[in-house]
Amino acid sequence: MPINLLTIGEFAKLAETTKRTVLWYEEKGILKPKQINPENSYRLYSTDQIIDFKAILLLRKLNFSIEEIKSFLSKNNSPETLFNLKKKSLKQEIAELQSTLQDTEKYYVNLQKTGTLVDPLVKTFKPFLVYYINKQGPYREIGGYFEELRSYFENIPKNTLGLTIYEGRGYQPTNAKTKICFIKRPGLKPNNKIVKQITVPRFKALSYTHKGSTKLLSILWQELKKYRIKNRYPENKNLPFEDLELSQSAHETEMLMPIL
């Protein structure tokens, strides 16, 4: 056997797979042996093909089809080239899986501790100034409302916080009355008269921070309300709004439910 080449059994063992799986990828035209011994037809692989094989498995976990990988490789490209092109997507997938794992663990802990999916803090907020536009429509449009608000500023300093103020009472997923806001800070100034300014009054609230998809916010709001009722926190109906969402980043939202 040529020096530094591996039999299919050795290759499979080092790649932490089975000979059957290696043969399957060969049949699909994705991972071919480096050499085939003419005397005994043994398939021989180089050690660097182990890395290629693992890269292919990672791409498969990213839902790349066999045909997509095969088509790319047929154009004289290597698994390494494809891996490097898709590395950003892979890292994002890993981050999302890690976030989902952490969220699931947190929800189980919260259920055991509070009987709900949330375990909020009680916070008191001093009065603060915001720039805002009034909008009315479905919850799913809130991201678009913030894009509109952004267009009314020439410069938005880093770490500027977004705030959604829900003015209507009750769950209104299709026709919510809101104020879409940026919390005022140095260097933040609107260039359009449509943007107004108000002072948000002092208030106390149950605070729960969600990191991840905004698709879960509706469920978490219901859980936060369940927590409030279960722990007998009176709702504060003296404010000109019901709830608030403070946007720490694109994937981090602090939910604020005012209480007395």
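Between E223 and K226, at least one side-chain N (NZ, or NE/NH1/NH2) sits under 4.0 Å from a carboxylate O, which counts as a salt bridge.
The minimum heavy-atom distance linking H210 with D103 is given by the pair CE1-OD2, 4.4 Å. Looking at every heavy atom in both residues, N155 comes nearest to G187 through ND2-O, 3.6 Å. Scanning both residues, E245 and W221, for their nearest heavy atoms gives OE2-NE1, 2.7 Å. Taking each heavy atom of L129 and Q197 in turn, the nearest pair found is CD2-NE2, 3.9 Å. The two residues L73 and P79 come nearest to each other via the heavy atoms CD2-N, 3.6 Å. Listed here is the closest heavy atom pair of K34 and S46: CE-OG, 3.3 Å.
The distance from atom CG of L111 to atom NZ of K106, rounded to the nearest 0.5 Å, is 12.0 Å. Note that CG of L117 and OG1 of T104 are 10.5 Å apart. Values are rounded to the nearest 0.5 Å. Summarising the geometry, atom CG belonging to L188 is positioned 8.0 Å from atom CZ belonging to R185; distances are rounded to the nearest 0.5 Å. Put simply, CG on L239 and CG on L260 are 8.5 Å apart, with the number rounded to the nearest 0.5 Å. The OG1 atom of T253 lies 8.5 Å from the CG atom of L246; values are rounded to the nearest 0.5 Å. Atoms CD and NZ, on E16 and K54 in that order, are 4.0 Å from each other to the nearest 0.5 Å.
Judged purely by atom type and a 3.5 angstrom limit, T114 uses its side chain to pair as donor or acceptor with the backbone of N110. E10 contributes a side-chain N or O that, together with a main-chain N or O of T7, makes up a donor-acceptor pair within less than 3.5 Å. For N192 (side chain) and I194 (main-chain N/O), a donor-acceptor pair under 3.5 Å exists by modelled atom type. Between the side chain of T160 and the main chain of P157, a donor-acceptor pair closer than 3.5 Å is present. Within the 3.5 Å criterion, the main-chain N or O of A95 finds no donor-acceptor partner in the side chain of S99. Distance alone, capped at 3.5 Å, is enough to place a donor-acceptor pair between the E68 side chain and the S65 backbone. For the pair T199 (side chain) and P201 (backbone), a donor-acceptor distance under 3.5 Å is absent.
The shortest distance between side-chain heavy atoms of Q35 and L5 falls below 4.5 Å. Looking at heavy atoms from C-beta onward, F83 lies out of side-chain contact with I51 at the 4.5 angstrom threshold. Using a 4.5 Å heavy-atom cutoff, the side chains of P258 and D243 are in contact. Proximity of R228 to E235: side-chain heavy atoms (C-beta onward) are separated by under 4.5 Å at one or more points. In this structure, Y25 and R60 have side chains that are in contact, with non-hydrogen atoms separated by less than 4.5 Å. Within the 4.5 Å cutoff, side-chain heavy atoms of E167 are placed close to those of K179. Side-chain contact between L256 and F241 is absent, with no heavy-atom pair separated by less than 4.5 Å. With a 4.5 Å cut-off on side-chain heavy atoms, F153 and V195 count as touching.
Cluster annotation: F64 is connected to L31 through the hydrophobic network of ILVMFWY side chains, with a link wherever side-chain heavy atoms come within less than 4.5 Å. Criterion: ILVMFWY side-chain heavy atoms under 4.5 Å apart, direct or through other members. Under it, I259 and V200 are not part of a common hydrophobic cluster. Hydrophobic clustering of Ile, Leu, Val, Met, Phe, Trp and Tyr side chains at less than 4.5 Å, counting indirect connections, keeps L149 apart from I183. Residues I133 and I156 fall within the same hydrophobic cluster, defined by Ile, Leu, Val, Met, Phe, Trp and Tyr side chains chained together at heavy-atom separations under 4.5 Å. Linking ILVMFWY residues whenever their side-chain heavy atoms come closer than 4.5 Å, directly or via other members, places I69 and W24 in the same cluster.
Between Y166 and Y139, the ring center distance clears the sub-6.0 Å criterion. Between F182 and Y131, the ring centre distance reaches or exceeds 6.0 Å.
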Between L44 and L6, is the side-chain contact (heavy atoms from CB on, under 4.5 Å) condition met? List the steps. CA-CA 5 Å; L44 302 174; L6 307 168; over 6 Å; no
Start with the C-alpha gap between R43 and E26, add the side-chain angles, then the distance that decides, and say whether salt bridge (Lys or Arg N to Asp or Glu O under 4.0 Å) holds. CA-CA 10 Å; R43 291 167 170 78; E26 181 186 341; 2.6 Å; yes
Would Q112 and Y108 satisfy side-chain hydrogen bond (donor to acceptor under 3.5 Å, both in side chains), going step by step from the backbone distance to the final call? CA-CA 6 Å; Q112 292 175 358; Y108 274 124; over 6 Å; no
From CA spacing to verdict: salt bridge (Lys or Arg N to Asp or Glu O under 4.0 Å), K135, E148: CA-CA 10 Å; K135 303 300 291 188; E148 179 184 342; 2.9 Å; yes
side-chain contact (heavy atoms from CB on, under 4.5 Å) evaluation trace for K87 with K91: CA-CA 6 Å; K87 187 162 52 177; K91 288 182 176 180; 4.0 Å; yes
Between I36 and Y42, does the side-chain contact (heavy atoms from CB on, under 4.5 Å) criterion hold? Intermediate values first, please. CA-CA 6 Å; I36 296 181; Y42 282 0; over 6 Å; no
Determine whether S71 and S74 satisfy the following criterion, side-chain hydrogen bond (donor to acceptor under 3.5 Å, both in side chains), listing intermediate values before the conclusion. CA-CA 5 Å; S71 174; S74 69; 4.6 Å; no
Residue pair E254, T209: steps toward the side-chain hydrogen bond (donor to acceptor under 3.5 Å, both in side chains) verdict: CA-CA 4 Å; E254 184 176 6; T209 298; 4.7 Å; no
After noting the C-alpha distance and the side-chain angles of F72 and I30, does the key distance pass the side-chain contact (heavy atoms from CB on, under 4.5 Å) rule? CA-CA 10 Å; F72 185 87; I30 290 177; over 6 Å; no
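Using cut-offs of 30° and 60° on the angle between ring planes, the pair F11 and F53 is perpendicular.
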